[in-house]
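Sequential numbering from 1 along the given sequence is applied to the chain's residues.
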Amino acid sequence: EDTRFDPFFLSIWDYYNPEITEGRIIPNSKGPNDYNMEEWQAYFGGIPQEDIYHIVYKQSISAMDTFLMVCDKKITNPGEPYRFAAGKKHLMDGFEYLKYAKKLEQYLYVDAWEYAHPAADAKTLKSLGEELLLKFRSISNKSLRMRYGFQYTRVCHAIGAYNEGIRFVDAEYRFLPSEGFMYYRTMGYKAACHYRLKQYAQANILYARLYDLGEAFKFEAFQSFHPQNETEWNQTLSLAANLREKEVLWHLFGAYVDPLRGMKEIAKLNPSSDLLPL
């Protein structure tokens, strides 16, 4: 019941995570959407959570245009749900970002394993990516800047610009894990770019780091962690920056393919490791 290890794994296909396996609910467990909502609540301030949820996840692109006009006093006496934004010009950047995010959702969607990016949409996505990069470089609000950077990295992955996605994160996306959950999502896309380039060692070390950084991302990081062969695995181990990262790698290796080997290797590194019980 230690939430640091959400989700525990029953097997590679069966998890305690309540979003995956019904009935095995972990008290106080938080997912990525919970963190996303917390950040938007902090941005909008004082607005009921259900209203923010509706704005972020349900409202249309045209509704974002209406919010922008309400903020800018171009619409007077607005009705619900727009009334709270009346005259609040400081919220315009947030609604503009949400408009971009909702545009992207028209082209990017996910099924169990794959992001779809039809070739017909590549030109539109590339153009949106260029706009996102300009916004990232110009906007001063750190939270929104992180979000624009995330979306740009996401677009790079979608259109196959994998090297550019990696370059952008390494050269321009200068944030820390403590600065917002978008850090985790952006690093996940950087790892995915490495994976698409068949740079499996670089991808797997990133997934291992994400796994150990935050419980809300453990499931996604584990699902994406795929050791290929012994040669690649040794390359991954060589990228570990410290003892803890080696422990985490063997912890994931054990859960993924060989529990006994993983256990033995962790015990060699640190017999009192908190990663041994799983």
Taking the six-membered ring where the residue is Trp, are the ring centres of Phe225 and Tyr211 under 6.0 Å apart?
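No.
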Compute the ring centroids of Tyr184 and Tyr35, then answer whether they are less than 6.0 Å apart.
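No: the rings miss the under 6.0 Å criterion.
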Other ILVMFWY residues reachable from Tyr200 by side-chain steps of under 4.5 Å
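Listed partners: Tyr195.
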Quick one: [atom1] on [X] to [atom2] on [Y], what's the gap to the nearest 0.5 Å?
X: Leu275; Y: Glu247; atom1: CG; atom2: CD; value: 5.5 Å
X: Leu125; Y: His157; atom1: CG; atom2: NE2; value: 12.5 Å
X: Lys99; Y: Leu104; atom1: NZ; atom2: CG; value: 13.0 Å
X: Met146; Y: Glu179; atom1: CE; atom2: CD; value: 6.0 Å
X: Ile266; Y: Ser272; atom1: CD1; atom2: OG; value: 11.5 Å
X: His251; Y: Asp212; atom1: NE2; atom2: CG; value: 8.0 Å

My understanding is that only residues two or more places apart in sequence, or in another chain, count here; which of them pass side-chain contact (heavy atoms from CB on, under 4.5 Å) with Lys135?
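Partners of Lys135 under the side-chain contact (heavy atoms from CB on, under 4.5 Å) test: Glu96, Tyr100, Tyr148.
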Can you list the residues that meet the side-chain contact (heavy atoms from CB on, under 4.5 Å) rule with Glu245, with sequence neighbours excluded?
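For Glu245, the residues satisfying side-chain contact (heavy atoms from CB on, under 4.5 Å) (neighbours in sequence not counted) are Ile205, Arg209, Ala240, Ala241, Asn242.
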Membership question, hydrophobic clusters at under 4.5 Å side-chain separation (ILVMFWY): are [Y] and [X] in the same one?
X: Leu134; Y: Leu144; result: no
X: Met37; Y: Ile55; result: yes
X: Leu243; Y: Leu276; result: yes
X: Leu176; Y: Phe150; result: no
X: Val169; Y: Leu206; result: no

Give a yes or no on whether a salt bridge exists between Lys74 and Asp65, defined as a side-chain N under 4.0 angstrom from a carboxylate O.
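Not counted as a salt bridge, because no side-chain N and carboxylate O are separated by less than 4.0 Å.
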Between Arg83 and Glu80, does any side-chain N to carboxylate O distance fall below 4.0 Å?
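Result for this pair is yes, salt bridge flagged.
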Apply side chain to side chain contact (heavy atoms under 4.5 Å, CB included) to Met187 and Leu213, showing your working.
CA-CA 11 Å; Met187 293 301 151; Leu213 278 171; over 6 Å; no
Please examine the side chains of [Y] and [X], heavy atoms only from C-beta on, and report whether any two atoms are closer than 4.5 Å.
X: Tyr107; Y: Leu128; value: yes
X: Gln41; Y: Ile47; value: no
X: Gln235; Y: Gln202; value: no
X: Ser60; Y: Lys102; value: no
X: Leu98; Y: Trp40; value: yes
X: Asn36; Y: Tyr57; value: yes
X: Phe168; Y: Cys156; value: no
X: Leu197; Y: Ile166; value: yes

For a side-chain hydrogen bond (donor to acceptor under 3.5 Å, both in side chains) check, start with the C-alpha distance between Arg147 and Asn141, then their side-chain angles and the critical distance, and finish with the verdict.
CA-CA 10 Å; Arg147 288 177 178 275; Asn141 181 285; over 6 Å; no
Could you go through the side chain to side chain contact (heavy atoms under 4.5 Å, CB included) check for Tyr82 and Ile75 one step at a time?
CA-CA 10 Å; Tyr82 307 103; Ile75 294 178; over 6 Å; no
Among Arg137, Lys190, Arg145, the one residue meeting salt bridge (Lys or Arg N to Asp or Glu O under 4.0 Å) with Glu172:
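For Glu172, the salt bridge (Lys or Arg N to Asp or Glu O under 4.0 Å) check succeeds only for Arg137.
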Identify every side-chain donor-acceptor pair in residues 86-94 under 3.5 Å, counting partners at least two apart or on other chains, and give the distances.
residue, atom, partner, partner atom, Å
Lys88, NZ, Phe84, O, 3.0
Lys89, NZ, Asp72, OD1, 3.4

Salt bridge (charged side-chain N to carboxylate O under 4.0 Å, His left out) contacts touching residues 41-60 (sequence neighbours left out):
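As it turns out, there is no salt bridge (charged side-chain N to carboxylate O under 4.0 Å, His left out) pair with a partner in residues 41-60 once direct neighbours are skipped.
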Does any pair with a residue in residues 248-264 pass salt bridge (charged side-chain N to carboxylate O under 4.0 Å, His left out), and if so which ones, sequence neighbours excluded?
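Passing the test, one end in residues 248-264: Glu230-Arg261.
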Test log, rule side chain to side chain contact (heavy atoms under 4.5 Å, CB included), inputs His226 and Tyr256:
CA-CA 8 Å; His226 298 305; Tyr256 184 78; 3.2 Å; yes
Verdict with supporting geometry, Arg154 and Glu105, salt bridge (Lys or Arg N to Asp or Glu O under 4.0 Å)
CA-CA 11 Å; Arg154 188 183 183 203; Glu105 290 305 316; 2.9 Å; yes
Between Phe175 and Tyr173, what is the ring plane arrangement, given parallel below 30°, perpendicular above 60°, and tilted in between?
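Answer is perpendicular, since the angle exceeds 60°.
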For the residue pair Phe44 and Phe95, does the interplanar ring angle fall in the parallel (under 30°), tilted (30 to 60°) or perpendicular (over 60°) class?
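Tilted.
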Minimum heavy-atom distance between [X] and [Y], given as atom pair plus value:
X: Ala208; Y: Leu249; result: CB-CD2, 3.6 Å
X: Glu39; Y: Ser143; result: OE1-OG, 4.2 Å
X: Pro81; Y: Gln59; result: CG-NE2, 3.2 Å
X: Tyr207; Y: Gly188; result: OH-O, 4.0 Å
X: Arg244; Y: Asp274; result: NH1-OD1, 2.8 Å

Heavy-atom neighbours of Asn234 CG exceed 12 at 6.0 Å
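Yes - once you tally the heavy atoms of other residues, nucleotides and ligands closer than 6.0 Å, there are more than 12.
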Quick check on side-chain hydrogen bond (donor to acceptor under 3.5 Å, both in side chains): which of Glu130, Glu131, Glu164 does Tyr152 satisfy it with?
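Going through the options one by one, the only one that passes is Glu164.
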Give a yes or no on whether the backbone of Gly149 and the side-chain of Thr153 come within a donor-acceptor separation of less than 3.5 Å.
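It does hold such a pair.
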Take Lys246 and Glu265 through the test salt bridge (Lys or Arg N to Asp or Glu O under 4.0 Å) and record every step on the way to the result.
CA-CA 9 Å; Lys246 289 182 180 179; Glu265 294 296 336; over 6 Å; no
Verify side chain to side chain contact (heavy atoms under 4.5 Å, CB included) between Trp233 and Leu237, making sure each step is shown before the conclusion.
CA-CA 6 Å; Trp233 179 241; Leu237 288 170; 3.6 Å; yes
